[in-house]
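Below: the structure, in structure tokens.
Here the structure is a predicted model, which is why all the values come from computation and not from measurement. When a ligand or atom number is given, it counts from 1 through the structure's own listing order.
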Amino acid sequence: MPPKLSMLQILNEHGNANEKLVPKLTKEQMLKMYEFMLQGRLFDETALKLQREGRMLTFAAGIGQEAAAVGSAFALQQNDWMFPSFRENSSFMVRGMPPELLYQYWAGDERGNKIPENLNCFTVSVPVGSQITHAVGAAWAMKLRKEKNITLVYFGDGATSKGDFHEGMNFAGVFHVPCVFVCQNNQWAISVPRSHQTASETIAQKAFAYGFDGVLVDGNDIFAVYAATKASADKARTGDGPTLIECFTYRLADHTTADDSSRYRTQEELEEWKKKDPIVRFEKYLFAKGILAEKIRKEIQDRVQKRIDEAVKAAESVSSPNPEDIFNFTYADMPWFLKEQMNELVQAFAKAKEVETK
Ligand SMILES: Cc1ncc(C[n+]2csc(CCOP(=O)(O)OP(=O)(O)O)c2C)c(N)n1
Ligand SMILES: [Mg+2]
């Protein structure tokens, strides 16, 4: 049997920390982390409301996973590259992604997926696990070019059952690439529980079979996530290869707006995990340490609310995308059958306009 992995926890659910292990972060950095967590939560809650009003397409919220998403992204440097899955809106915002672009994307406008140049983020990846091999390939390129940057890739517990996970992990181990694998084990892959995903006791231990380190952290503890990611990123940067981090967390919302999780999981389970809310425990810690006070919290909340309100407004005030773009950007040279389809669409739009103006 493989060695039993213990879970790194620095900040417990009551907001008490093991001070010896608290990462060296300034008060300003801690408040920034807290602000990004609040912003991530509000971003998601707002998106869920917009979807119900018909102003947003299918949306996957990361509510409950803010420590895993923010803590890990916070440990990256500007020149590193982040490869997200589809639940990392808060990681994107830590990297500097304007929230209006994220809203635009989730409302179905692909122009929101055009990441500003210097942010070093790949696009949202809806095909489960496909981003893993991309991140490993990019990390290999960095190694060949002797750059000092690393890649970080996010994926879920469900993605570990995909071939892409094996291919990426195996390649990363063999070629010793500077990649940090962050598995957000939120206990569910839509309605499939973690216990049906793998017979391994932990996901982290899978790394050992590929010849590198795996660490298990309390994914609702921002200090543990940050510390593990920072250590793994530093290690990768100095040429010591990849690491798999399993963030043990929970998806508090439905899988997406097209899901009803009450059909496959119990209210009791949900209530248990609500007690472990990553934002509540960090807030308790910050208050206890005198880093946060009521007045500062209010200022942060107001700032975040304003930012999200403005982002919604900005996303909804852009002109409609050109429908021909779906065809324009698929191939460098458009094949004949797409040209045909595009012409059909253009004619259909013209006809619809004619009817409208009659
Ligand atoms: C290749 C592929 N197969 C199936 C799906 C449908 N699908 C979307 S999310 C998901 C489950 C993913 O679970 P997990 O990796 O645990 O991530 P989580 O949704 O929990 O964040 C599935 C099966 C998909 N998007 N892509
Ligand atoms: Mg999952």
Side-chain angles (χ1 to χ4, degrees), residues 7 40-41 43-45 47-48 51 56-73 82-92 102 105-106 108 110 113 122-136 152-169 180-204 206-207 214 216-220 225 244-266 269-270 272-273 276 278:
M7 184 158 78
R41 174 93 31 124
F43 179 95
D44 283 0
E45 287 171 347
L48 294 178
Q51 195 277 340
M56 178 73 52
L57 295 183
T58 307
F59 182 77
I63 296 173
Q65 298 178 219
E66 292 86 353
V70 171
S72 49
M82 178 188 100
F83 289 72
S85 176
F86 47 77
R87 222 177 271 289
E88 283 83 24
N89 291 303
S90 35
S91 316
F92 261 118
L102 293 167
Y105 168 72
W106 288 112
E110 281 291 342
N113 227 354
F122 247 55
T123 53
V124 169
S125 174
V126 172
V128 169
S130 55
Q131 70 281 13
I132 300 175
T133 45
H134 302 162
V136 170
L152 181 148
V153 58
Y154 292 103
F155 52 91
D157 42 302
T160 64
S161 296
K162 289 291 308 291
D164 313 57
F165 174 72
H166 164 69
E167 289 156 26
M169 293 280 287
V180 179
F181 297 85
V182 178
C183 178
Q184 292 214 45
N185 172 10
N186 62 7
Q187 314 304 328
W188 292 93
I190 314 185
S191 55
V192 178
R194 152 67 183 83
S195 58
H196 287 193
Q197 210 61 249
T198 173
S200 291
E201 194 175 330
T202 65
I203 289 169
K206 288 173 184 278
L216 174 63
V217 304
D218 179 345
N220 286 9
V225 174
L244 167 64
I245 302 171
E246 175 183 355
C247 296
F248 198 83
T249 181
Y250 194 78
R251 160 168 66 75
L252 288 176
D254 291 331
H255 170 71
T256 64
T257 44
D259 176 46
D260 172 7
S261 60
S262 69
R263 295 177 64 169
Y264 53 82
R265 61 184 193 183
T266 63
E269 177 180 308
L270 192 60
E272 274 314 300
W273 276 95
K276 300 178 189 173

Any heavy atom of Trp188 under 4.0 Å from ligand 1? The part involved is backbone
Count of protein N, O or S atoms below 2.8 Å from the Mg ion (ligand 2) equals 3
Which is it for His255 and ligand 1 at heavy atoms under 4.0 Å: side chain, backbone, both or neither?
-> side chain
Establish, from distance only, whether the side-chain atoms of Asp157 and Gln197 form a donor-acceptor pair under 3.5 Å.
-> no
Does an N or O anywhere in Lys162 fall below 3.5 Å from an N or O of ligand 1?
-> no
Atom 11 (C) of ligand 1 touched by protein (heavy atom, under 4.0 Å) = yes
Could you tell me whether Arg251 and ligand 1 have an N or O pair separated by under 3.5 Å?
-> no
Nearest non-hydrogen contact to atom 7 (N) of ligand 1 from the set Val128, Val126, Asp157, Asn186 belongs to Val128
Determine whether Phe155 and Phe181 make a side-chain contact, defined as any pair of heavy atoms from C-beta on separated by less than 4.5 Å.
-> yes
Those residues at least two apart in sequence (or on a different chain) that pass side chain to side chain donor-acceptor pair (under 3.5 Å) with Ser72 are Tyr154
Check each of Ala60, Ala159, Pro127, Ser161 against atom 15 (O) of ligand 1 and report the one with the nearest heavy atom.
-> Ala159
Which is it for Gln184 and ligand 1 at heavy atoms under 4.0 Å: side chain, backbone, both or neither?
-> neither
Exercise check, heavy-atom protein proximity under 4.0 Å to atom 3 (N) of ligand 1 | no
